[in-house]
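Please read these numbers as outputs of a predicted model, since none were measured by experiment. This chain uses plain numbering: 1 for the first residue, then up along the sequence.
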Amino acid sequence: MVEIELDGKKVEVSEGSMVMHAAEKAGSYIPHFCYHKKLSIAANCRMCLVDVEKAPKPMPACATPVTQGMIVRTKSEKAIKAQQSVMEFLLINHPLDCPICDQGGECQLQDLAVGYGASSSRYEEEKRVVFHKNVGPLISMEEMSRCIHCTRCVRFGQEVAGVMELGMINRGEHSEITTVVGDTVDSELSGNMIDICPVGALTSKPFRYSARTWELSRRKSVSPHDSTGANLIVQVKNHKVLRVVPFENEEVNECWIADRDRFSYEALNSDERLTRPMLKQGGEWKEVDWQTALEYVANGLQQIKSQHGASAIGALVSPHSTLEELYLAGKLVRGLGSENIDYRLRNAEFAAAQGVQWLGLPIAGLSTLQSALVVGSNLRKDHPLFAQRIRQAANKGCKVFAINERVYDWALPVNASVVAAADWAQALADVAAAVAQAKGVDAPVAATAHNEAQAIAAALLAGEHKAILLGNAAAHHAQASTLLALANWIAEQTGASVGYLTEAANTVGAQWVKAVPGANGQNAGQMLAGGLKAALLLNNEPEFDSAAGKAAGEALAKAEMVVTLSPFKANMEFSDVLLPIAPFTETSGSFVNAEGRVQGFHAVVKPLGDTRPAWKVLRVLSNLLGISGVDYETSQEVLAAATGGVAQVPAGQLSNAAKAVSSLPAAGSMPAPVVASIYQLDSIVRRATSLQLTADARQVREGGAA
C-alpha cells in the first residue's frame, strides 16, 4: 500500500493506483470526462488536472500513478485554473443547443460547465461542424458536433463489447468519431455507449425527443429476458415506459445491460397489446368482461375434467414468467388433480433433474475464470453479459474452449473450437478420454483423445478457477443428460465446476417451484404433440417458443379448449380464450437468475386497459374451481409460500448432478437443438420494433443465424 496526502487528508491505496483512484477512495470528486472506472485510461480530456507538489505543471489525476508521500491538491488555485482552461477549450466548438439536446439535465459537460465554465466565450471564429452518421436503429449520431473526443465509446467497444465498431479518424480540430467504413453499430451491448457518453453526441434513437429527463419517474426493476437478471431503472412518464437504463449491481450486471434489456420496452406500448379478455365464438373473437371469461374457463375445465379426467388438462408455462405465476399455475393444475405442467418447451429430452440446475458458480466468478469449456452455446448472443464477463477473464489470460455445431464469433479469444455438427456427446467424451489419459485413470466411455481434446484437458487440469458451462443448445439437446454426465465426470477429475448458463429469466425459479410434471404427468413434448384436451398457455407462443414449432399449433388446435394468458394478442389461430396479463412492468413479482439469486420487483406503471397481473388471474381462477390454499392477497404472500421468504435458492437444492454414463447413445439423426436467436427469445423482444430492425434480427429473417 502507498500513502499519499490528498487535500490535507491521508489516503492509503494499492501500489500502481492513480491519483483518481485515491480521490475516489477519499470521497473527493475530481472533474473528468474520459475517465470511467470500467475502461482503460486514455487521459485525453485533461479535465482532471490537479496540483501535485514538486510537479512543474498540473497533472492528469486519471493517469498519474501515486508515489509514497505524494501531496496532491485538487482544489488549489493552480488546479482550478487548469480545469477552467480545459473547460474553455472544450466549449470552443461545442454547439449551443442545450435547450433541444436530449442529454439536457443529465449531461456531464453541462454540469461541469456550471462550475468551471466562464460566463462568456473569447472565441469569435466559426464553430466546427461534424456531419451526422446513421449507425443503425438503436443509437443516434445526429449531433456529432457535440462530441468532445473522450473516446469512451471507442474504448467500450474494444474492451467491453469486444468489437471495435467506432474509432477516431483525422487529427486536431478535424478529429471525429465514426464507424470508419460507414457500417452500422451492431454489438448486442451497443446501448451502453449511450449511457457512458458524457455529452449528447450519442443518444437513444427510440427515446429521442420523447421526454425531458426531469419529467421521468425512475423505478427499479429486473430484466425478464436472459438468466443474468440484470438490474434496471425503468423511466416512466404519464404511466408509460419511455426508457430503460442499467441499475448498477456489481455482483450481477455491473453497470451494463444488453440491448435486449434496454430497448424491448417498445413492445409494452405496441398495438399488439391485449387489453381486454376475449372469447372465440363461432370462429370470431369477441371482447368480454373478466367475470364472463373466467367463468367460461372454469366451467370448461370442470367439464373436461368430468368427461376425460384431470390428466387431460395441462399447463405449458414460460420460464420468463415470475416465480409467483409459476407457483400458482402449478397449484391450479395440481389442485385439479393433474400433474401436467412444464416450462421446458424447447427441450428434446425430459430426464428428471436430481436438483435445481444452475450456473454452478456466482455470476461474478465468470470474470475470474482461468479456463472455461463452453458446450452448445452461441455465448455472445445467448448471454451477452455472461460473455462480457468471460471476455474480461480471457483478456486476463483465461483459456476459453468451445464445442458447438459450428464456429461462432464470440468477440473474445477462443483457444480452440471443436466443431461437432452431429455428436456433441462424442466430442465431450473425447475430452474425458484426454483427461483420463493425462491422469492415468479409466475413461467413462470409449473415445479418442485427439489434439484439441488434449488441449482442453490440459487447460482444465491446470489452475484453480475453471468451469464447464452448458449452453441453451446443450440443455435442449436430445442427449442433454449424457452431456451433463460427461461434464460431471470431467469436472470431478479436474476440479472444475459444472453449470448451465440457463435460458430464461426464471429457468432456475421454474425448477425450484416445481413447474415440471410430477409422477405420470405429461412433459412439454407430449403436451405439444396433442396429449391434452384442455391447455393453459402462460405467457408463451408455442409456435415460436417450443421445439415443436408450427406443429404445436396444429396439435393444440385439436384440443377442446385452449386458454392463452398473455400480454399480447397471441395464439389466436388455436386458442378459445385470451386473458390479458400484465408484463413485468405492470406487475410485482420475482425472478431467480442463473446463480440462484431471488430478485423481486414492483410494477412501475398501471396495467394497460383491463390487463391484470397473472398471479391474480390464476388465484381467482383457482378460487372459481374450488381449489383450496390459494387465498393470497399480495404477490409477497405468494412468494413467501413458494420459497419460504429466502433470497437465494438453498445450496442443498442447487445441483447439476447426473447419473453416470457407461455408453454413448447412437448419434443417429437427432433433431437439432432449438435455440431462440437473440431478438426472438420471448414475446416481448419479438415485438420490439427497433430490435427487429437490427442486423441480428435481419440475419435471422433472411435465413442466417444470429
Kindly write out the residues that satisfy side chain to side chain donor-acceptor pair (under 3.5 Å) with [X], not counting sequence neighbours, or none if the list is empty.
X: N540; result: none
X: N593; result: none
X: W358; result: none
X: S264; result: H225

If you measure only the distance, is there a donor-acceptor pair under 3.5 Å linking the side chains of [X] and [Y]?
X: Q599; Y: S590; result: no
X: D261; Y: S223; result: yes
X: S575; Y: T564; result: yes
X: E324; Y: Q636; result: no

For the [atom1] atom on [X], are there more than 12 heavy atoms of other groups (residues, nucleotides or ligands in this structure) within a distance under 6.0 Å?
X: E251; atom1: CD; answer: no
X: H308; atom1: NE2; answer: yes
X: K466; atom1: NZ; answer: yes

Should the pair [X]-[Y] be classified as a salt bridge under the 4.0 Å nitrogen-to-oxygen rule?
X: K381; Y: E188; result: yes
X: K569; Y: E272; result: no
X: R276; Y: D610; result: yes
X: E637; Y: R619; result: no

Inset, instruction - Check D382, D682, D226 against R260 for a salt bridge (charged side-chain N to carboxylate O under 4.0 Å, His left out) and give me the one that passes. - result: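 Only one of D382, D682, D226 forms a salt bridge (charged side-chain N to carboxylate O under 4.0 Å, His left out) with R260, namely D226.
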Legend entry - Partners passing side-chain contact (heavy atoms from CB on, under 4.5 Å) against A529 (at least two apart in sequence or in another chain):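 Counting only residues at least two positions away or on another chain, A529 forms no side-chain contact (heavy atoms from CB on, under 4.5 Å).
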Inset, instruction - Any chance you could measure L484, atom CG, to H477, atom NE2, to the nearest 0.5 Å? - result: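 If we round to the nearest 0.5 Å, L484:CG and H477:NE2 are 13.5 Å apart.
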Inset, instruction - Calculate, to the nearest 0.5 Å, the distance between atoms OG and CZ belonging to S270 and R687 respectively. - result: 7.0 Å
Legend entry - Main-chain N/O of P583 paired with E586 side-chain donor or acceptor, under 3.5 Å: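 A pair under 3.5 Å: no.
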Inset, instruction - Test ring-ring contact (aromatic ring centres under 6.0 Å, His included) on F591 and F601 and set out the steps. - result: CA-CA 9 Å; F591 292 130; F601 55 91; 5.0 Å; yes
Inset, instruction - Begin with the C-alpha distance, continue with both residues' side-chain angles, and end with the deciding distance and a verdict on side-chain hydrogen bond (donor to acceptor under 3.5 Å, both in side chains) for Q357 and S655. - result: CA-CA 6 Å; Q357 294 175 335; S655 171; over 6 Å; no
Inset, instruction - Would you sort out whether S318 and N539 count as a side-chain hydrogen bond (donor to acceptor under 3.5 Å, both in side chains), showing the intermediate values? - result: CA-CA 6 Å; S318 167; N539 207 14; 4.6 Å; no
Legend entry - salt bridge (Lys or Arg N to Asp or Glu O under 4.0 Å) between R273 and E266, worked out: CA-CA 11 Å; R273 280 294 301 273; E266 285 186 292; over 6 Å; no
Legend entry - Test ring pair (Phe, Tyr, Trp, His ring centres under 6.0 Å) applied to H383 - qualifying residues, sequence neighbours left out: F386
